[in-house]
J.: 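Got a structure for you, written out below as structure tokens; questions coming shortly.
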Amino acid sequence: MEHPLHFYNTLTRKKERFIPLNPPFAGLYVCGPTVYGDPHLGHARPAIAFDLLFRYLKHLEYKVRYVRNITDVGHLENDADQGEDKIAKKARLEQLEPMEVVQYYTDRYHVCMDLLNVEKPSIEPRASGHIIEQQQMIEQILKNGFAYEVNGSVYFDVEKYNKKYNYGKLSGRVLDDLMTNTRELDGQDEKRFPYDFALWKKANSEHIMRWPSHWSEGFPGWHLECSVMSTKYLGKKFDIHGGGMDLLFPHHECEIAQSVAAQGEDAVRYWMHNNMITINGQKMGKSLGNFITLQELFTGAHKILTQAYSPMTIRFFILQAQYRSTLDFSNDALQASEKGMQRFFAAVKSMNNLVPKETSTVDIKSLRNNCYEALNDDLNSPVVIAHLFDAVKMINSVSAGSESISKNDLDELKRLFRDFFFDILGMKEENASASDNEILKDVVNLMLNLRMEAKAKKDFVTSDKIRDELTKLGFEIRDKKDGFDWTLKS
RNA sequence: GGUCUCUUGGCCGAGGGGCUAGGCAGCGGUCUGCAAAACCGUGUACAGCGGUUCGACUCCGCUAGAGACCUCCA
């Protein structure tokens with residue numbers, strides 16, 4: 001590859017060059033949502049971060065299979081083996097079938113992802129659709145001696161596993177430390193060791209989601225689905241596994257243990273973790289109750305918001321931080337993103353109206369490589385955006401007449417925006433429907449032409465009135481040397 | 001308590017031993033009938049204290065503060 005892509009591998013704790021196992025193919029698995037609640041801002045981060053990766057890998061002409069799961073079963077409410085299934089609990093609260101809840105929130109998630117212009121993954125498997133495969137993996141782990149059965153439940157034998165392999169290599173944990181640090185947990189009596197985790201859990205009588213198995217009627221443990229579905233669709237060894245940093249331990253650590261226990265070697269080659277979105281410096285999360293749903297952002301219906309923010313504003317906001325940094329959320333920060341993003345779209349519009357000259361006084365040659373360099377350095381989207389802002393400045397200068405651009409350079413500039421701003425960063429014009437409305441366009445142009453006539457007659461009362469009224473309606477009017485320009489703001 | 005991470009100007013956020021990040025906001029100017037937009041100019045920012053170094057905001061140590069994981073979490 002001409003542009004070597006590097007990213008930070010959590011497993012090795014350093015940036016590594018990405019060399020896929022079977023080029024030109026690349027396999028990517030990302031932990032998707034547990035569908036028992038409305039998608040919130042936190043869900044947007046990994047979705048967008050790995051959407052960026054997906055898009056960039058495709059841009060680099062890899063044939064990517066992107067698998068992002070839907071967790072619709074198996075995550076327990078409280079302590080590993082005492083709680084009830086989250087989805088079952090919600091179902092009982094709302095008097096709905098569990099699968100009805102799953103469907104409802106899956107649909108909500110999809111709607112939000114579409115609005116955020118997050119591309120659909122190649123495969124979106126559900127845990128509930130892979131019960132048999134999960135049982136097969138449990139059998140394999142049992143056969144290899146790294147699990148034991150107690151009263152119809154099957155647990156992973158962490159201590160035994162750690163004698164042969166290294167439990168904790170991803171999160172940097174040492175099992176001995178974990179042992180000395182053991183806390184009192186209820187209902188651990190079935191386990192040999194507190195850090196053992198369930199592979200299969202016998203369902204109690206009230207538990208609604210249950211499947212038959214050799215061991216009991218029950219349900220699979222929480223970490224199993226990802227091990228199973230990733231390798232099922234990407235192979236026993238595959239390139240990239242992504243997810244939020246909060247899943248690093250125990251979820252991803254257990255995934256590694258399961259895969260290694262089942263097949264004798266790691267499944268994942270590069271582990272990538274996105275950081276959290278914070279609010280007032282604190283992680284936004286369900287348990288803290290300080291999360292803000294995407295719906296609330298899109299409608300402005302939240303007390304810390306002064307207005308609604310469009311999905312593209314959210315996307316731009318998230319891309320303005322590198323995915324491994326925490327991103328502090330606030331109304332002010334969103335407002336800054338919205339303004340900046342609007343400058344982009346205004347510049348793109350005026351780029352398409354630029355008239356090329358014989359020669360260029362702007363230097364656009366380095367822009368493309370600068371953007372590649374930023375992306376190749378662990379997907380540094382904020383730096384890409386900074387370079388694109390340089391391009392915005394050039395466009396505006398040419399538009400203002402203080403600089404000129406050649407036909408070739410203008411074409412390259414257009415390609416630059418198409419490739420990086422639209423295709424890779426995944427930005428898109430939002431109120432296209434409004435400004436694409438021909439009749440609306442004609443009416444606004446009519447009004448503004450009347451205004452021009454008034455101005456020509458120095459009838460500024462009339463001309464200002466037209467401008468002010470249109471502004472009130474949400475239009476932005478910009479006078480030009482010989483004419484005008486306008487946009488409908490969202 | 002254990003493990004780990006972070007602390008950049010009013011806000012968000014890159015970066016990296018000596019070279020302007022960028023955006024938003026602010027201030028001054030140009031343009032304009034006035035605006036808006038745009039353009040030009042404008043900020044002695046790197047938590048504190050030591051150390052290493054010719055030179056540190058960037059490396060090391062300590063102190064303070066914040067956070068993450070250790071329990072479901074994106």
Side-chain angles (χ1 to χ4, degrees), chain A residues 13 30-34 36-37 39-50 71 75-80 83 86 168 171-174 177-178 180-183 185 195 222 242-251 253 273-278 280-288 291 316-317 320-322 324-344 346-347 350 374 377 380-390 392-393 395-397 399-403 455 458 460 463-464 467-468 471 476-481 484-487:
Chain A
R13 286 155 197 273
V30 174
C31 291
T34 303
Y36 67 97
H40 61 79
L41 186 57
H43 290 102
R45 186 110 198 242
I48 289 170
F50 294 107
T71 295
H75 281 212
L76 301 177
E77 183 73 4
N78 295 312
D79 285 334
K86 269 184 179 169
S171 58
R173 260 152 247 256
V174 178
D177 294 348
L178 291 175
T180 49
N181 195 29
T182 294
R183 295 177 306 158
L185 290 174
Y195 280 88
W222 13 311
M245 268 182 192
D246 49 352
L247 298 178
L248 219 154
F249 189 89
H251 184 58
E253 199 67 73
H273 290 92
N274 64 275
N275 214 320
M276 303 291 104
I277 290 180
T278 59
N280 298 321
Q282 198 178 38
K283 173 184 166 181
M284 182 180 291
K286 275 208 179 70
S287 37
L288 291 163
F291 65 95
F316 192 71
F317 168 68
Q320 273 187 302
Q322 205 264 355
R324 285 196 299 119
S325 301
T326 55
L327 171 57
D328 202 42
F329 162 85
S330 67
N331 189 64
D332 285 351
L334 282 181
Q335 234 150 24
S337 289
E338 185 183 74
K339 282 276 181 59
M341 184 186 71
Q342 285 169 349
R343 267 190 77 203
F344 262 107
S350 81
D377 183 16
N380 201 328
S381 53
V383 169
V384 175
I385 289 171
H387 291 310
L388 291 176
F389 266 117
D390 289 343
V392 166
K393 189 165 273 192
I395 290 167
N396 288 333
S397 294
S399 181
S402 57
E403 305 276 3
K455 276 174 72 179
K458 305 250 186 254
F460 297 122
S463 73
D464 286 357
R467 182 180 65 199
D468 294 346
T471 303
E476 184 179 286
I477 313 303
R478 295 184 294 272
D479 285 0
K480 305 192 77 169
K481 281 194 184 66
F484 51 80
D485 202 359
W486 61 272
T487 50

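Just so we're clear, the structure is a prediction, and the values are computed from it rather than from any experiment. In what follows, every heavy atom counts, from backbone to side chain, and hydrogens, waters and symmetry copies are set aside.
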J.: Going by salt bridge (charged side-chain N to carboxylate O under 4.0 Å, His left out), name the residues that satisfy it together with A/R324, two or more places apart in sequence or in a different chain.
T.: A/D378

J.: Within this structure, what is the NZ-to-P distance between A/K283 and B/G67, rounded to whole angstrom?
T.: 13 Å

J.: Residues two or more places apart in sequence or in another chain: which of them pass salt bridge (charged side-chain N to carboxylate O under 4.0 Å, His left out) with A/E476?
T.: A/R478, A/K489

J.: Does B/G23 have OP1 or OP2 under 4.0 Å away from a side-chain N or O of A/K339?
T.: no

J.: Treating A/N274 as the side-chain partner and A/G244 as the backbone partner, does any N or O pair qualify as donor plus acceptor under 3.5 Å?
T.: yes

J.: Indicate, with a heavy-atom threshold strictly under 4.0 Å, whether A/L41 touches base, sugar-phosphate, or nothing.
T.: nothing

J.: Can we say A/K393 and A/D390 salt-bridge, meaning some charged N sits less than 4.0 Å from an Asp/Glu carboxylate O?
T.: no

J.: So if I define the base as every atom that isn't primed, P, OP1 or OP2, how would nucleotides 10-15 of chain B read as a B/S/- string at a heavy-atom cutoff under 4.0 Å?
T.: --SSSS

J.: Identify whether any heavy atom of A/Q282 sits under 4.0 Å from a base atom; if not, whether one sits that close to sugar-phosphate; answer base, sugar-phosphate or nothing.
T.: sugar-phosphate

J.: I need the NE2-P distance between A/H273 and B/A68, as an integer number of Å.
T.: 17 Å

J.: Rounding to an integer number of Å, can you tell me how far A/E338 CD sits from B/C24 C1'?
T.: 11 Å

J.: Please check: side-chain N/O of A/S463 versus main-chain N/O of A/F460, any donor-acceptor pairing under 3.5 Å?
T.: yes

J.: According to the Watson-Crick and G-U wobble definition with distances under 3.5 Å, which dot-bracket string, read 5' to 3', encodes RNA chain B, using [ ] for crossing pairs and | for pairs with another strand?
T.: (((((((..(((.....[...))).(((((.......)))))....(((((..]....))))))))))))....

J.: Rounded to the nearest Å, what distance is computed from the CG atom of residue A/N280 to the C1' atom of nucleotide B/U7?
T.: 16 Å

J.: Within the 4.0 Å heavy-atom criterion, would you say A/H40 contacts the bases, only the backbone, or no part of the nucleic acid?
T.: base

J.: Aromatic rings A/F291 and A/H40: how do their planes relate, parallel, tilted or perpendicular, breaks at 30° and 60°?
T.: tilted

J.: Which part of the nucleic acid does A/M341 contact within heavy-atom distance under 4.0 Å: base, sugar-phosphate only, or nothing?
T.: nothing

J.: NA contact type, A/G42, heavy-atom cut-off 4.0 Å: base, sugar-phosphate, or nothing?
T.: base

J.: What pairs with A/D468 under salt bridge (charged side-chain N to carboxylate O under 4.0 Å, His left out), at least two apart in sequence or on another chain?
T.: none

J.: Could you encode protein contacts along nucleotides 31-40 of chain B as a string, one character per nucleotide from 5' to 3', using B for base contact, S for sugar-phosphate-only contact and - for no contact, with a heavy-atom cut-off of under 4.0 Å?
T.: --BBBBSSSS

J.: Specify the separation, in whole Å, of atom CZ of A/F249 and atom P of B/U3.
T.: 14 Å

J.: Rounded to the Å, how far apart are A/N275 CG and B/A66 C1'?
T.: 14 Å

J.: Using 30° and 60° as the class boundaries, would you call the ring planes of A/F389 and A/F344 parallel, tilted or perpendicular?
T.: tilted

J.: Mind calculating the distance between CG (A/D390) and C1' (B/U20) to the nearest angstrom?
T.: 11 Å

J.: Using atom CG of A/L248 as one end and atom P of B/C69 as the other, report the distance to the nearest whole Å.
T.: 11 Å

